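Worksheet: the structure to be examined is printed underneath.
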Amino acid sequence: MDIIVKINQTITGWINYYGVANMKKFIGETQKWLNHRLRQLIWKRWKRIRTRYQKLRKYGIDHNDAMKLANSRKGYWRLSRNGIIHRAITKEKLTKWGLKDMSQLYESRYLKG
């Protein structure tokens with residue numbers, strides 16, 4: 001995902017520039033929002049009901065939950081808060097796809113020793 005490359009560049013720049021300030025709480029809140037936004041973008045890219053169902057099944061969601069969520073008419077932002085999507089697109093999966101963890105970057109850069 002090319003968007004993750006751009007996000008990683010921005011995150012690294014923010015931490016390098018603003019890292020000297022005490023921003024641990026801000027980083028935690030921003031990381032949660034960013035994960036939420038990425039789940040929303042991924043859900044939006046899965047346009048068709050069939051695609052949504054197949055992807056949810058691929059990521060380990062059972063048939064009933066996948067059907068319920070794939071056929072939902074609720075908005076992208078609201079659905080990206082759903083627990084089923086959180087089980088399908090975990091934080092570890094986002095990291096595996098290349099997203100850098102902001103808190104790890106901050107701690108490795110500024111909280112040594």
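Quantities reported herein were computed from a predicted structural model and do not represent experimental measurements.
Side-chain contact check for Ile61 versus Arg57: every heavy-atom pair is 4.5 Å or farther apart. At least one side-chain heavy atom of Ile11 sits under 4.5 Å from a side-chain heavy atom of Leu34. Arg37 places a side-chain heavy atom less than 4.5 Å from the side chain of Leu41. For the pair Gln40 and Arg81, the minimum side-chain heavy-atom distance is 4.5 Å or more.
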Donor-acceptor pairs under 3.5 Å, side chain of residues 88-97 to any protein atom, not counting sequence neighbours: which ones?
from, atom 1, to, atom 2, distance (Å)
Thr90, OG1, Lys93, N, 3.1
Lys93, NZ, Ala88, O, 3.0
Thr95, OG1, Lys91, O, 2.9

Kindly list each side-chain donor-acceptor pair under 3.5 angstrom involving residues 47-54, sequence neighbours excluded, with atom names and distances?
from, atom 1, to, atom 2, distance (Å)
Arg52, NE, Trp46, O, 2.7
Tyr53, OH, His63, ND1, 2.7

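The side-chain hydrogen bond (donor to acceptor under 3.5 Å, both in side chains) test applied to Asp65 returns Arg87, not counting sequence neighbours. With sequence neighbours excluded, the residues forming a side-chain hydrogen bond (donor to acceptor under 3.5 Å, both in side chains) with Asn35 are Gln31, listed by chain and number. Among residues two or more places apart in sequence or in another chain, the side-chain hydrogen bond (donor to acceptor under 3.5 Å, both in side chains) test is passed with Asn16 by Arg109. For the ring pair (Phe, Tyr, Trp, His ring centres under 6.0 Å) test, residues two or more places apart in sequence or in another chain that qualify with His36 are Trp77.
Rounding to the nearest 0.5 Å gives a distance of 4.5 Å between CG of Leu105 and CD1 of Ile15. Atom CG in Asp62 sits 12.0 Å away from atom CE in Met67 (nearest 0.5 Å). In this structure, Lys25 NZ and Ser103 OG are separated by 16.0 Å, a value rounded to the nearest 0.5 Å. Taking CZ of Arg39 as the reference point, atom CD1 of Ile85 lies at 8.5 Å (rounded to 0.5 Å). Put simply, OH on Tyr106 and CG on Asp101 are 14.0 Å apart, with the number rounded to the nearest 0.5 Å. With values rounded to the nearest 0.5 angstrom, Ser80 atom OG is found 11.0 Å from Lys44 atom NZ.
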**OP:** Could you walk me through whether Ile84 and Leu79 pass the side-chain contact (heavy atoms from CB on, under 4.5 Å) test, one step at a time?
**Re:** CA-CA 9 Å; Ile84 297 169; Leu79 281 177; over 6 Å; no
**OP:** Would you check, one step at a time, whether the test side-chain contact (heavy atoms from CB on, under 4.5 Å) holds for Asn64 with Lys68?
**Re:** CA-CA 6 Å; Asn64 290 331; Lys68 191 184 325 178; 5.7 Å; no
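Taking every heavy atom of both residues into account, Met102 and Ile27 meet most closely at CB-CG2, 3.5 Å. When all heavy atoms of Leu56 and Ala70 are compared, the closest pair comes out as CD1-N, 4.4 Å.
No donor-acceptor pair closer than 3.5 Å links the side chain of Asn82 to the backbone N or O of Leu69.
The environment of Tyr76 atom OH is dense: over 12 non-hydrogen atoms of other residues, nucleotides or ligands sit within 6.0 angstrom.
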